[in-house]
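Notes to accompany the following structure.
Order of the sequence lines sets the chain letters (A, B, ...), proteins ahead of strands, with each chain counted from 1. Side chains are part of it too, since the values below use all heavy atoms of this structure and drop only hydrogens, waters and symmetry mates. Since this is a predicted model, take the numbers as computed values, not measurements.
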Amino acid sequence: MTIEAILKEDIQKAIQTNFEIAADEILLQPTKKEFEGFYTFVTFTLTKTTRRSPVEIGQIIGNYLNENSRIVESFNVVQGFLNINLKDTTWLDLFGEIISDGSFGTFPSNGQSVMVEFSSPNTNKPLHLGHLRNNFLGDSLSKILKASGFDVVKTCLVNDRGIHICKSMLAYRELGGGETPESSGIKGDHLAGKYYVKFDVEYKKQIAELVAQGMSDEDAAKKAPWILEAQRLLLLWEKGDAETVALWQKMNNWVYQGFSVTYNKIGVNFDKTYYESNTYLLGKDIIEEGLKQNVFFKKEDNSVWIDLTEEGLDEKLVLRGDGTSVYITQDLGTTELKNSDFHNDRYLWVVGNEQDYHFKVLFGILKRLGRPYADGCFHISYGMVDLPSGKMKSREGTVVDADDLVDQMVKTAESRTQELGKIDDFASDEARKLYNQLALGALKYFLLKVDPKKRMLFNPEESIDFQGHTGPFIQYTYARIRSIARKAEQAGIAAVVPPATYQMHQAERELVFALAQYPTKVMAAANEFAPSIVSLYAFELAKVYNQFYAEVSIFSDPNPEAVQFRIALSSVVSETIRKALGLLGIEVPERM
RNA sequence: GGUUUCGUAGCUCAAUUGGAUAGAGCACCUGACUACGGAUCAGGAGGUUUGGGGUUCGAAUCCCUACGAGACCA
């Protein structure tokens, strides 16, 4: 039973015995910094039922706790707020539990499994900053869910076919001159992206020519030779034309090689990858099934629809009149496939909030179809990463490329580290590893600290910080503690929890309090699908430790109990930082 | 046109889901022991939470309205 649970129970008893009313669930909040205490109970909620003043209620409950609770040391009442202090023995017992719990913050299996689909790139362009937010969120969420007790399957659905892929194929066929990643020295995904851009340039030129000849913009966009040819390529591909398929395979393989370099660099991987080229025909049988069940209906042009107005949505097309699929058709099929492959209890999609409506429709249809897994489907909707100029647009060249950004971060980490000159004795591969850890620590933290639902801003003019509320700040705290641990080991000082007679320092109490929050934060992050909760916690813990570090002396305290205790505290803090950052996909360095 | 999300310090973000005098970081000022690592710590300044109404013991949070920004559906 946690301290908080005991305290809530004691408050409940206080209310029952003093006011003779049944108390609902007790809500506690951490006491604000400017007041004395650790936990605060708000008494306003009881004024009506008890017909007493907020202060009076606080006094009565406080007095009861003082006399009857075995964990409460003292209290004070400010207006309607009852602030509570705990006994040192309570803190010490709590810390004793934490330090002896090898799996602190990791929950036992809950017997449920969850699939997290994320990343889901297009094979016509390299990954950019927006993909990074997606990847980091998906990866971190997977780790958080695992820590909270789920079995996790990470999947990726690659968008490897369609008209956009044919565009880059066409441009390459016409303008590529047999160029390859090897011959050009260009990474495969960037090479494909280059031809996607070239297509667009040529296409625009053709439109302009047609417009100059008197055609309307709209018609010109439909009649330009290259768009017609791209459409023809798509049909050829669908028929399995050998030459087209070969070109498609060749270019896609380049892209996959490029992607794998990037995924490797950012430390992201998947248990299973689905390819749209294998799944794009799925879903049509589900449309048939839905028609029979009268979930769907046909219009005169033979197109199939669903009426979701009862759910507050519109009528929605699920199959075109000519029998071809729309996105939702494929998604229905792919979801069915995932379920028959893995039989998970939950399915998550990490996809940008521009598709909020799409997923509402998808889940609405799954419910109407009576799919048992429909209630376990969640859209992890995240906000776009904006630039100061607005949205990233590949056609306007304002896209922040993932590879470039990571490389630039590594360089910044390198120069910053060398300025400080603390690792001059490192071997070069050791140093390179450190630069990568710091670069990714800064980048991942930057993207994960913000509530996923909110859109956020990235300014390419300002490099991502290494000081203040950043990944490296937390990594630094870890490295510094490790330095202390090495010194303690050398001096033969053990980590020991002091006896009940020990007089605690306020900074020590605050540290134990901060540590005790960790499991709650992990659970909250899992429930709310929000790695930002873990991010903010890790920062808070590091900050509390740094205050402790500045305030008390660890090695030169005359009391050996204090020294041993502080070594123990430090070591648990470093472990908790390591775990918390681990949930964000961020590694910690021993030195930096 | 319909639907929807958002607007918090100069900038980037918090605010325990309706609770205290709205908090951090960056940037800007002032300080820090011969200290165990200064990528740190302590302090200062910075706010009519876009404007206006309402609900109540209490609103950044809920409702209405105006303005502004984004997204989606054709």
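Residue Lys453(A) is out of contact with every strand shown, counting any heavy-atom pair closer than 4.0 Å. Nucleic acid contact for Asn459(A): none, since no nucleic acid atom lies under 4.0 Å from a heavy atom of the residue. Within the nucleic acid shown, Thr40(A) comes within 4.0 Å of at least one base atom, counting heavy atoms only. If you check every strand for non-hydrogen atoms under 4.0 Å, Glu354(A) touches sugar and phosphate atoms only.
Nearest-nucleotide positions on RNA chain B for His469(A) and Lys316(A) put His469(A) closer to the 5' end. Taking for each of Leu420(A) and Asp356(A) the nucleotide of RNA chain B with the nearest heavy atom, the 5'-most of the two is the partner of Asp356(A).
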### Query
How far apart are the C-alpha atoms of His505(A) and Phe548(A), what are their side-chain angles, what is the distance that settles it, and do they pass the ring-ring contact (aromatic ring centres under 6.0 Å, His included) test?
CA-CA 9 Å; His505(A) 192 286; Phe548(A) 159 86; 7.9 Å; no
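Taking only side-chain nitrogens and oxygens, Asn546(A) comes nearer than 4.0 Å to OP1 or OP2 of C41(B). For Lys32(A) and A20(B), the shortest distance from a side-chain N or O to OP1 or OP2 is below 4.0 Å. Checking the phosphate oxygens (OP1, OP2) of A39(B), a side-chain nitrogen or oxygen of Tyr476(A) falls inside 4.0 Å. Between Gln467(A) and the phosphate of G25(B), there is no side-chain N or O to OP1/OP2 separation shorter than 4.0 Å.
In this structure, of G37(B), C41(B), C72(B), it is C72(B) that holds the atom nearest to the side chain of Tyr357(A).
By the stacking rule of 5.5 Å between ring centres and under 30° between planes, Phe35(A) stacks on the base of A20(B).
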